[in-house]
Amino acid sequence: MFFATSILHVHLMQWDDMELVERALTKCDEVWESLELDKRQQCLGLLFYNELLHIFYRFRICDYKNISQHVDKLDAAMKADMQQTERVRELANEISSLNQTLSEPAMKNRDCSKLIEKRAQLQQQLRIVTTPRPIPQGYTDSESVEYAKRLSVDKLELAPYPIDGEWLPKNAVYALVDLTVVIFGRPKGHFKECAKRIQSGIQVIQVELSKLGINDGVREVDLQHSAIWMAGVYLMLLMQFLENKVAVDLTRAEFVEAQEALVQMKNWFIRFPTILQACESVIEMLRGQYAHSVGCFSEAAFHFVEAAKLTESKSVQAMCQVYGAVSYICIGDAESSSQALDLIGPVYRVMDSFIGAREKTSVLFGYGLLLMKQQNLQEARIRLATGLQITHSKLGNIQLVSQYLTILGSLALALHDTKQASEILKSALTLAKQNCDVPTQIWVLSVLSELYQELGERRNEMENSEYQRKKIDDLHRRLTDAYASIHHNELINKEKIEVQQLHELENKRAIASSSMKVNLDIPESIGLAASAPITSSSRLVDSGRRGKRKI
C-alpha cells in the first residue's frame, strides 16, 4: 500500500503519465479493499490518505460529478473521528481527575473504593471507545490512558502498533479535509458551508502555527530549522484557505472582505517568501481578479501577465493568459483587442493538450468574446455553446455557467432569436441570483432591457430597468467602499510585491524551498470573473468594429 501510494503521489504531482496515475490509484483501491475490516479500523490514516488521493486526482481532471462521494466519505470519517477524540479526551480528563483525588492523603478507604470502582468503569469505557485502535498489551492503566489520549488527539495511523506509522498530524489532515469541502462546494455556490469551513480551517492552522512559535511579527529568519517543514505545511494550507476566501468574496461582490483576505496573503508571503514562494503567482493572479472585479481592467491585465511569468505551471500560465485576455477585451479599444488575441491565441491552439476541462472551457469563453467583438457571431455562438456544455457537465461552476448563458443570450438577441434569448437570459439571471453575483446580474439585466426594447414590451422593460438601477446602486455602493479602502491602491497598482532578501537565510531557505516544492495543484481555485460588471454586452460588440486584426 505504501509503495503504491508513493508512486501515485509522485505522478499526481508530475501529471506526466495519466495512465500510470490511474493504474496506481486502482492498485491503492485494491490493496485497501484487501485489508480486513479490523485492520482498516486500526489504520484510519490510510482511509484519509486513500480518499485524499482520489480527491486530488479527480480535482485535477475536473471530474466533479464523481468526486462528491469521496468528499462526503472523507468528511464523515473526520466528523466521526472528532467525536471519538472528544469522548476520549473527556474520559481521560475524568480518569486523571480521579487519580489526583485518590492520591490525596485525607481520602478515606470507603471513599477510595468507590472512586477506584468508578475509575475502572471509566477505563472500560475508554477501552470500548478505542476498540478500533486497540491498546497494546503490557501497558498499565495510566499508560493506556495516555496512549489512547495521544493516539486520538495527535495523529492518524498509517499502520497499527508496533509500526505505529504516522502521515501528517491530525489537525493538518482535518484542515485539509475542510479545504477539500471548500474547493468542491465553492464553484457550486455553497458559500455558507464554505465560509464555515474556511473559518474552521484557519482557526486550526493558527493554533498549530502558534505551537511552532509563529505569532505576530515572526518572520522566516526567526524560524528554527526543525520547525521549517511543519511551518511550511500549515502556511501553505493557510494560503489555500485565504485564496478560496478571496474567490468567494469576489464572486459575492464583497470587495472589502476580499481585500482583507488578499492583504493577509500578501503579508504572509512577505514574512515567509521562500516557504511560500509557490504562492507569489497565485497572489498576483488574485490581484488581477480583484482589479477586474472592481472595473480596473488595465491593472487586472497587468497582474495576470505578471502571474503567468511567476510560475512554471503550463496550466496556471494558460489560465492567467485567458484571464488577462478577458480583461483586455473589457477595455474595449482596438489595441486592447489585439493584446487579448496575443494572449489567448497561443492557448487556444493547444487547449486540447491540457488535462481536464478547466483550461479548455475558460479559453473558449475568452475566444468566443473575441469572435463576438469581431462580429463573427455564428462562430462565436458555436465556441461558446461548446464551452457552456463542458462547463456544465464537467465543472459545475455556477458563476461561469451564468456568464456563458449571458453571452449566448446576447448573441441570440443579436441574431434576432428573441425566444431563445429570453429563455437563456432568464436562466442566467436565476443562477446569478443564486450565486449572489451582483455584477453578472447587472450584465444580464442590461441585455434583458435590450430584449424588451426589441420586443416592444414597455412594461417589462420598465420593471427590468428599475430592478437594474437598484442593482447598479448596490454595486456602486460596494465599489465606493472598495475604492475608499486603504488597501485598494496597494492591490491594484502595477507593481510586483517587494521582498527583502537576506543573505544569511540562503541555506535555511534552500531547506524550506525543497520541502515546499510539492504543490497540491488543486484546479478551479479561482473562478472566471464577470467580463464587464456594468457595461452592456453591446459595448463588447461595438468596440470590435474598430479592430484591425482577425482571428
Side-chain angles (χ1 to χ4, degrees), residues 295 297 326 329-334 336-337 340 364-389 391-392 398-435 437-476 528-547 550-551:
F297 301 126
V326 172
I329 291 169
C330 291
I331 294 173
D333 56 37
S336 297
S337 296
L364 285 171
F365 181 94
Y367 193 72
L369 277 179
L370 274 175
L371 289 168
M372 182 177 172
K373 282 174 63 63
Q374 294 186 339
Q375 294 296 294
N376 194 343
L377 301 186
Q378 290 292 357
E379 277 299 310
R381 199 177 197 179
I382 293 171
R383 299 294 185 275
L384 290 166
T386 302
L388 173 62
Q389 183 180 13
T391 304
H392 178 72
I398 292 177
Q399 184 184 32
L400 192 51
V401 168
S402 65
Q403 291 168 356
Y404 260 116
L405 288 172
T406 304
I407 302 173
L408 284 167
S410 179
L411 278 170
L413 178 58
L415 294 168
H416 306 291
D417 188 347
T418 55
K419 182 179 179 180
Q420 186 182 57
S422 178
E423 294 174 353
I424 292 175
L425 292 170
K426 287 177 182 178
S427 296
L429 185 58
T430 299
L431 290 176
K433 287 180 178 179
Q434 179 183 335
N435 226 25
D437 185 351
V438 179
T440 301
Q441 289 179 49
I442 294 171
W443 189 11
V444 180
L445 291 168
S446 69
V447 185
L448 278 171
S449 291
E450 296 173 20
L451 172 64
Y452 293 138
Q453 285 177 7
E454 180 161 324
L455 293 174
E457 298 180 3
R458 181 62 179 166
R459 183 177 177 180
N460 284 337
E461 182 186 348
M462 291 178 64
E463 291 177 354
N464 186 79
S465 296
E466 178 62 25
Y467 185 57
Q468 182 181 354
R469 277 194 295 271
K470 291 179 180 179
K471 288 298 177 181
I472 290 175
D473 290 343
D474 181 24
L475 183 58
H476 278 159
L528 195 61
S531 60
I534 304 177
T535 307
S536 81
S537 59
S538 61
R539 174 180 169 188
L540 293 175
V541 176
D542 293 341
S543 60
R545 294 168 183 163
R546 298 189 296 270
K550 294 288 181 181
I551 298 176

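All residue numbers in this chain count up from 1 along the given sequence.
Residues Ile424 and Gly409 come closest through the heavy atom pair CG2-N, 3.6 Å. Among all heavy-atom pairs drawn from Ser337 and Leu370, the shortest one is O-CD2, 4.0 Å. The minimum heavy-atom distance between Ile329 and Gly366, with the atom names listed, is CD1-O, 3.7 Å. The minimum heavy-atom distance linking Val438 with Lys471 is given by the pair CG1-O, 3.9 Å.
For the atom pair OG of Ser446 and CD of Gln468, the computed distance is 5.5 Å after rounding to the nearest 0.5 Å. Rounding to the nearest 0.5 Å gives a distance of 4.5 Å between CE of Met372 and CG of Leu411. Atom CG of Asp474 and atom CD of Gln441 lie 8.5 Å apart (nearest 0.5 Å). The NE2 atom of His392 sits 10.5 Å away from atom CD1 of Ile398, with the distance rounded to the nearest 0.5 Å. Of the inter-residue distances, the one linking Glu450 atom CD with Gln453 atom CD reads 7.0 Å to the nearest 0.5 angstrom. In this structure, Leu377 CG and Leu413 CG are separated by 11.0 Å, a value rounded to the nearest 0.5 Å.
At distances below 3.5 Å, not a single donor-acceptor pair connects side-chain atoms of Ser422 with backbone N or O atoms of Lys419. Within the 3.5 Å criterion, the main-chain N or O of Lys426 finds a donor-acceptor partner in the side chain of Thr430. Side-chain N or O atoms of Asn464 include none that pairs as donor or acceptor with a backbone N or O of Tyr452 at under 3.5 Å. A distance-only check finds no donor-acceptor pair linking the side chain of Ser410 to the backbone of Thr406 [under 3.5 Å].
Residues Leu384 and Leu364 fail the side-chain proximity criterion, which asks for heavy atoms closer than 4.5 Å. At a threshold of 4.5 Å between non-hydrogen side-chain atoms, the residues Glu379 and Arg383 count as touching. Taking 4.5 Å as the limit, every side-chain heavy atom of Leu405 sits out of range of all side-chain heavy atoms of Leu425. Under the 4.5 Å side-chain criterion, counting only non-hydrogen atoms from C-beta, Leu431 is in contact with Gln434. In this structure the side chain of Pro439 reaches within 4.5 angstrom of the side chain of Leu475, judged on heavy atoms. Side-chain atoms of Glu423 and Ser427, non-hydrogen and from C-beta on, never get closer than 4.5 Å to each other. Gln420 places none of its side-chain heavy atoms less than 4.5 Å from the side chain of Leu415. In this structure the side chain of Leu455 reaches within 4.5 angstrom of the side chain of Leu451, judged on heavy atoms.
In the displayed structure, Glu457 atom CD is contacted under 6.0 Å by more than 12 heavy atoms of other residues, nucleotides or ligands.
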Handout entry: salt bridge (charged side-chain N to carboxylate O under 4.0 Å, His left out) evaluation trace for Arg381 with Asp417
Key = CA-CA 12 Å; Arg381 199 177 197 179; Asp417 188 347; 3.6 Å; yes
Could you go through the side-chain contact (heavy atoms from CB on, under 4.5 Å) check for Glu463 and Asn460 one step at a time? CA-CA 5 Å; Glu463 291 177 354; Asn460 284 337; 4.1 Å; yes
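Within the structure, ring-ring contact (aromatic ring centres under 6.0 Å, His included) contacts touching residues 403-426 (residues at least two apart or in different chains) are Phe365-Tyr404.
In this structure, a donor-acceptor pair under 3.5 Å is absent between the side chains of Gln399 and Asn435.
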